[in-house]
Amino acid sequence: MPELPEVETVKNELSPYVIGRRITGVTLLWEGMVRQPFLAEFRSHTIGQKITGISRHGKYLFLSLSSGDLLNIHLKMTGSLIIGQESAEPPSYTRAIIHLDNDTNIFFRDPRKFGIMRLVKDKNSIVGKLGPEPLGADFTPQLLGRLLGKRTAPIKALLCDQNLIAGIGNMYADEALFAAKIHPLRPGNSLSPEEIKRLHSAIRRVLRAGISKKGASTNTYFRPDGTRGTAHDEFKVAHARGKSCPVCGTPIERIAVRHRGTYFCPKCQPAL
DNA sequence: ACCACAACCTGGCCGC
DNA sequence: TGCGGCCAGGTTGTGG
């Protein structure tokens with residue numbers, strides 16, 4: 001699933017192919033991919049525009065257009081952006097094609113049709129409420145402590161809340177909590193200063209590892225060149241159904257937190 | 001302000 | 001071998 005490390009990888013690896021290129025056409029094979037009310041104007045406002053930049057906020061990707069508009073792409077759970085030749089057969093489950101002026105295409109592949117594209121004038125209309133970037137310089141243990149404040153929801157749910165911290169999803173939340181030895185159901189406000197410090201460090205460690213391995217291809221995530229990332233090879237508990245804890249050998253448990261599969265080691269991450 | 005949950009989608013895998 | 005059911009989960013919208 002594309003989370004911060006996956007979207008960061010897509011941004012970095014897409015960049016050399018798209019910066020400075022002009023959009024010559026847009027093919028929508030699944031119209032639901034473009035959110036109303038923009039569908040009517042989507043083509044006319046993208047075709048002919050030059051791509052001047054690419055950026056990421058949390059899990060949101062933005063292509064800056066020469067008109068000043070921003071083309072926002074969200075991969076949701078199963079989306080991939082694959083670079084290919086104009087003459088190439090689109091990958092399976094391609095829902096949209098952005099044609100570029102050098103006979104190159106961006107294929108938006110998405111088996112489950114959750115991914116979206118939209119055109120906005122103001123980035124803040126989408127990312128204005130997002131929490132801080134967990135790899136940013138301002139994300140300190142003190143800030144994490146303030147964010148958790150008096151929150152009583154399970155720490156696992158809070159880590160996945162984009163308005164609290166931007167970019168962490170189900171996989172990296174499980175990995176960070178394991179690395180910090182914190183039970184996923186602990187209320188946010190029950191963490192000691194020491195645990196907050198451990199969690200802060202663990203969040204940054206697992207996200208950086210994910211980026212350095214070019215993302216985790218647990219199922220449908222692909223890099224722009226069509227290859228898979230390898231971050232999942234280093235996962236300790238995420239998606240580890242039926243496996244044992246690599247530290248103590250205890251069977252990994254699966255529970256549902258907010259209807260999300262949550263994996264943890266009951267011995268290394270004891271309930272308080 | 002905060003918390004909880006349904007809905008959106010469909011392929012892959014498991015057990016029978 | 002085929003089939004039913006579970007599992008995967010980011011975001012939005014709604015209601016308490």
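A, B, ... follow the sequence lines: proteins, then strands. Residue 1 opens every chain. Because the structure is predicted, anything quoted here is derived from the model rather than measured.
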Among B:dC3, B:dG11, C:dA8, find the nucleotide with the atom closest to the side chain of A:Arg254. C:dA8

Whichever of A:Ala153 and A:Pro111 has the more 5' nearest nucleotide on DNA chain B, that residue is A:Ala153

OP1, OP2 of C:dT11 versus side-chain N and O of A:Lys76: anything below 4.0 Å? no

Any A:Thr152 side-chain nitrogen or oxygen under 4.0 Å from OP1 or OP2 of B:dC3: yes

When rounded to whole Å, the CZ to C1' distance for the pair A:Arg258 and C:dT11 reads 14 Å

Between C:dG10 (P) and A:Leu159 (CG): distance, integer Å: 12 Å

With no hydrogens and no angle check, is any side-chain donor or acceptor of A:Ser217 less than 3.5 Å from a backbone partner on A:Phe222? no

Phosphate oxygens OP1/OP2 of C:dT11: is one of them under 4.0 Å from a side-chain N or O of A:His74? yes

Given C:dT11, is OP1 or OP2 found less than 4.0 Å from the side-chain N or O atoms of A:Gln162? yes

From CZ of A:Phe114 across to P of C:dT12 the rounded distance in Å is 13 Å

Base, sugar-phosphate, or nothing for A:Lys59, non-hydrogen atoms under 4.0 angstrom? sugar-phosphate

Please determine if a side-chain N or O atom of A:Arg95 lies less than 4.0 Å away from the OP1 or OP2 oxygen of B:dT10. no

For B:dG11 and C:dT11, measure between their P atoms and round to the nearest Å. 23 Å

Taking the nucleotide of DNA chain B with the nearest heavy atom to each, does A:Lys150 or A:Arg241 sit closer to the 5' end? A:Lys150

d(CD1, A:Ile73; C1', C:dT11) in whole Å: 17 Å

Over how many whole Å does the gap from A:His259 atom NE2 to C:dA8 atom P extend? 13 Å

Taking the cut-offs as 6.0 angstrom to the six-membered ring centre and 45 degrees off its axis, would you call A:Arg109 and A:Phe107 a cation-pi pair? no

Along DNA chain C (nearest heavy atom to each residue), the more 5'-positioned of A:Tyr60 and A:Met1: A:Met1

Main chain of A:Phe139, side chain of A:Arg204: is a donor-acceptor contact present, judged purely on distance under 3.5 Å? yes

I want to verify a distance call: between B:dC3, C:dT11, C:dA8, whose nearest atom is closest to the A:Tyr263 side chain? C:dA8

Among B:dC9, B:dG11, B:dC3, which is the nearest nucleotide to the side chain of A:Trp30? B:dC9

When rounded to whole Å, the CZ to C1' distance for the pair A:Arg260 and C:dC6 reads 15 Å

Output the rounded distance in Å from CZ (A:Arg112) to P (B:dC9). 11 Å

A:Glu6 side-chain N/O to A:Ala216 backbone N/O, donor-acceptor pair under 3.5 Å: yes

Using only heavy-atom distances, determine whether the side chains of A:Ser201 and A:Arg205 contain a donor-acceptor pair under 3.5 Å. yes

Distance, P atom - from C:dC6 to B:dA7, rounded to whole angstrom: 16 Å

Look only at the side chain of A:Ser64 and the backbone of A:Ile54, and say whether a donor-acceptor pair between them is shorter than 3.5 Å. no

Using whole Å, what does the distance between atom P of nucleotide B:dA4 and atom CG of A:Asp161 come to? 12 Å

